[in-house]
Novice: 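Please find one structure pasted underneath; my questions will follow.
FYI, side chains are in, hydrogens and waters are out, and symmetry mates aren't considered; it's all heavy atoms of this structure.
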Amino acid sequence: MDGVADLLSIGELARRSGLAVRTVRFYSDEGIVVPAGRSRAGYRLYDVGALVRLELVRTLRELGVDLASVRRVLDRELSVAEVAAVSAGAVEVQLRVLRWRRAVLRVVAERGSSPEEVALMHRVTRLSVQERRRLVDALVEGAEESVAAMVRVAAPDLPEDPSAGQVAAWVELVELMGDGEFGEVFRRAPGVEGPVDPRVERYWRLVWVVNGWEVVPGLVP
C-alpha cells in the first residue's frame, strides 16, 4: 500500500478482519493495533500489518487467551507456543470444574435437592487439594501413626469426571469428616470390625464409593 489512499479505515479493517467496528476501535485505543496514518478529516487509517495483527488477536482471543498475554505475544515477549501451553492448562482446570458442575446438577435433578443442599454440594466439590488434605489431617489428629497412615493412604479423592453417586457420597463424607464427635470415635476405632459406631463403617463405604473402588460387605481397612 502506498500513500493514505491505500490505507484502510476502521470500518474497512473491521470488515476484512471479521470483527465488529467497536472491537477494532477498542484494540486501537488500547494500542494493540496502531494507525499508520490519518485521513484529511483526522480519522485513523491502518495498513495491512494492522490487519495481520487483528487476525492473530482474534484467533488467540477465540482460544481463550487473555488480553495481557495477547499483547505480550504481539510485542514478542512471549511465543505463541508458551501462551498455548499456559492456556491449555487453564482449559483443563475449566473442564474439570464443568464436569463437577454437571455431576452436581445430575444429583440435584435426581434428588430434587433444596437450595441449601445445592449450595453445600457446590461448595464441597470445589474444595482444593490442600483443603481435602486438611480434612484428613484433622480427622486423624492425635491418632496412632498406623491409623493415620491407613487413613491417608485411603484418603478420598473425587475424580475429575465424577458420577452423581460419587458426588452424593463426597458431600456426605465431607460432612462426616467435619463432625468433631465422629472424629473422636473414629480415632478410637478406625476399623469396622466389632461393635463400633455405625458411622465408622459408613465412612469407609463412602471412601470406597468416592474413590471408585468396589464396595464389598464387611469392609476392613
Side-chain angles (χ1 to χ4, degrees), residues 63-64 66 85-221:
L63 290 172
D66 63 272
V86 173
S87 298
V91 169
E92 286 297 327
V93 172
Q94 292 171 353
L95 287 174
R96 182 176 185 179
V97 171
L98 288 174
R99 285 192 290 264
W100 284 1
R101 287 179 181 172
R102 179 183 61 186
V104 168
L105 290 172
R106 284 175 175 169
V107 175
V108 172
E110 291 175 4
R111 295 168 50 169
S113 304
S114 66
E116 293 78 14
E117 188 177 10
V118 173
L120 174 63
M121 283 189 287
H122 181 60
R123 185 168 65 252
V124 301
T125 54
R126 295 180 62 189
L127 291 175
S128 67
V129 173
Q130 291 76 17
E131 289 169 328
R132 295 198 296 270
R133 286 175 180 169
R134 282 197 291 270
L135 282 172
V136 174
D137 289 341
L139 183 64
V140 298
E141 184 178 3
E144 295 181 4
E145 186 56 37
S146 59
V147 171
M150 174 184 67
V151 174
R152 289 193 176 100
V153 167
D157 187 16
L158 193 64
E160 291 191 3
D161 191 8
S163 66
Q166 285 174 308
V167 169
W170 173 248
V171 172
E172 185 180 346
L173 189 57
V174 170
E175 289 185 295
L176 195 58
M177 294 170 74
D179 185 334
E181 180 186 348
F182 169 73
E184 294 179 5
V185 172
F186 185 84
R187 285 186 287 273
R188 291 197 303 268
V192 298
E193 66 280 8
V196 297
D197 191 309
R199 291 178 299 175
V200 173
E201 181 173 1
R202 183 62 181 168
Y203 169 86
W204 288 111
R205 288 190 177 278
L206 292 171
V207 167
W208 255 244
V209 172
V210 170
N211 288 340
W213 299 340
E214 181 182 358
V215 178
V216 295
L219 295 174
V220 179

Novice: Supply the atom-to-atom distance Trp204 CH2 to Met150 CE, rounded to the nearest 0.5 angstrom.
Specialist: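 Spacing of CH2 (Trp204) from CE (Met150) equals 4.5 Å.
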Novice: Going from CZ on Arg205 to CG on Leu173, what distance comes out if it is rounded to the nearest 0.5 angstrom?
Specialist: 14.0 Å
Novice: Ignoring hydrogens and geometry, is there a side-chain-to-backbone donor-acceptor pair from Asp157 to Asn211 under 3.5 Å?
Specialist: no
Novice: Run the side-chain contact (heavy atoms from CB on, under 4.5 Å) check on Phe186 and Arg199 step by step: do they pass?
Specialist: CA-CA 8 Å; Phe186 185 84; Arg199 291 178 299 175; over 6 Å; no
Novice: Nearest 0.5 angstrom please: Leu135 CG to Leu176 CG, how far?
Specialist: 11.0 Å
Novice: Atom CG in Asp197, atom CD in Glu184: separation rounded to 0.5 Å?
Specialist: 11.5 Å
Novice: Between Asp137 and Arg152, is any pair of side-chain heavy atoms under 4.5 Å apart?
Specialist: yes
Novice: Assess whether atom CD of Glu144 is packed by more than 12 heavy atoms of other residues, nucleotides or ligands within 6.0 Å.
Specialist: no
Novice: Would a distance-only check, ignoring hydrogens and angles, find a side-chain to backbone donor-acceptor pair under 3.5 Å from Arg187 to Glu141?
Specialist: yes
Novice: Would you mind telling me which of Leu158, Val207, Leu206 makes a side-chain contact (heavy atoms from CB on, under 4.5 Å) with Trp170?
Specialist: Leu158
Novice: Pick out which of Val210, Val209, Val174, Val151 makes a side-chain contact (heavy atoms from CB on, under 4.5 Å) with Pro156.
Specialist: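 That would be Val210; it is the only one of Val210, Val209, Val174, Val151 passing the side-chain contact (heavy atoms from CB on, under 4.5 Å) with Pro156.
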